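Comments concern the structure below.
Owing to the predicted nature of the structure, the values given are computational and were not obtained by experimental measurement.
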Amino acid sequence: VQLVESGGGLVQAGDSVRLSCAASGGTIRNAHMAWFRQAPGKEREFVAGVSWLTSSSSYADFVKGRFTMARDNAKNSVTLLMNSLKTEDTGAYYCATVTVWKSPDIRAATGWGQGTQVTVSS
């Protein structure tokens with residue numbers, strides 16, 4: 001399965017952005033999915049995850065109440081709606097298929113997209 005992220009860009013603090021991750025070459029209907037991000041000079045970190053079975057979602061503490069992850073099985077995709085963006089949310093955002101959906105670390109990822117850059121200016 002190939003994953004392709006889109007929707008990133010340059011925004012101002014307080015703005016909202018919706019990222020999409022489209023899958024091709026196979027279905028992600030039965031895959032747990034997650035978003036990770038990586039800021040310059042920092043390690044890649046978990047942002048949000050969603051279960052394939054229940055569509056329940058989990059979030060890193062630093063995005064709870066601001067970000068919402070959802071899956072659309074009909075479109076074979078997942079999205080990440082990011083509200084109230086902060087400058088510290090700047091980074092490359094990656095979607096991934098994962099073996100666990102609750103706060104996985106990067107070792108749980110089985111496939112990655114190429115990433116989309118989100119830059120939040122003050």
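- Here M69 contributes atom CE and S58 contributes atom OG; the two are 8.5 Å apart, rounded to the nearest 0.5 Å.
- A 4.5 Å side-chain heavy-atom check between R66 and D89 finds at least one atom pair inside the cut-off.
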T90/Q117 under side chain to side chain contact (heavy atoms under 4.5 Å, CB included): CA gap, chis, key distance, verdict: CA-CA 8 Å; T90 292; Q117 178 69 31; 4.0 Å; yes
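- Closest of all the heavy-atom pairs between S121 and T87 is C-CG2, 4.0 Å.
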H32/T97 under side chain to side chain contact (heavy atoms under 4.5 Å, CB included): CA gap, chis, key distance, verdict: CA-CA 6 Å; H32 297 316; T97 50; over 6 Å; no
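- In this structure, T54 and S56 approach most closely via the heavy-atom pair OG1-OG, 2.8 Å.
- A salt bridge links D61 to K64: at least one charged side-chain nitrogen sits closer than 4.0 Å to a carboxylate oxygen.
- Between V120 and K86 there is no side-chain heavy-atom pair separated by less than 4.5 Å.
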Check against side chain to side chain contact (heavy atoms under 4.5 Å, CB included), L80 and V47: CA-CA 10 Å; L80 184 67; V47 175; 4.2 Å; yes
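- Residue W112 shares its hydrophobic cluster (ILVMFWY side chains chained together at separations under 4.5 Å) with F36, F46, Y94, V98, I106.
- A distance-only check finds no donor-acceptor pair linking the side chain of N73 to the backbone of N76 [under 3.5 Å].
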May I have the list of side-chain donor-acceptor pairs in residues 9-30 shorter than 3.5 Å, sequence neighbours left out?
from : atom 1 : to  : atom 2 : distance (Å)
D15  : OD2    : Q12 : N      : 3.0
S16  : OG     : N83 : OD1    : 2.8
T27  : OG1    : R29 : N      : 2.9

Pair M33-R71, side chain to side chain contact (heavy atoms under 4.5 Å, CB included): steps then yes or no: CA-CA 8 Å; M33 299 295 296; R71 63 189 311 144; 4.0 Å; yes
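- In this structure, CE on M82 lies 8.0 Å from CH2 on W35, to the nearest 0.5 angstrom.
- Judged by distance alone, with hydrogens and angles left aside, the side-chain atoms of T116 form a donor-acceptor pair with the main-chain N or O of G8 at under 3.5 Å.
- By the rule that hydrophobic residues join a cluster once side-chain heavy atoms approach within less than 4.5 Å of another member, V118 and Y59 end up as members of one cluster.
- Within the 4.5 Å cutoff, side-chain heavy atoms of E5 are placed close to those of Q114.
- You'll find the side chain of F62 stays beyond 4.5 Å of the side chain of E88, heavy atoms only.
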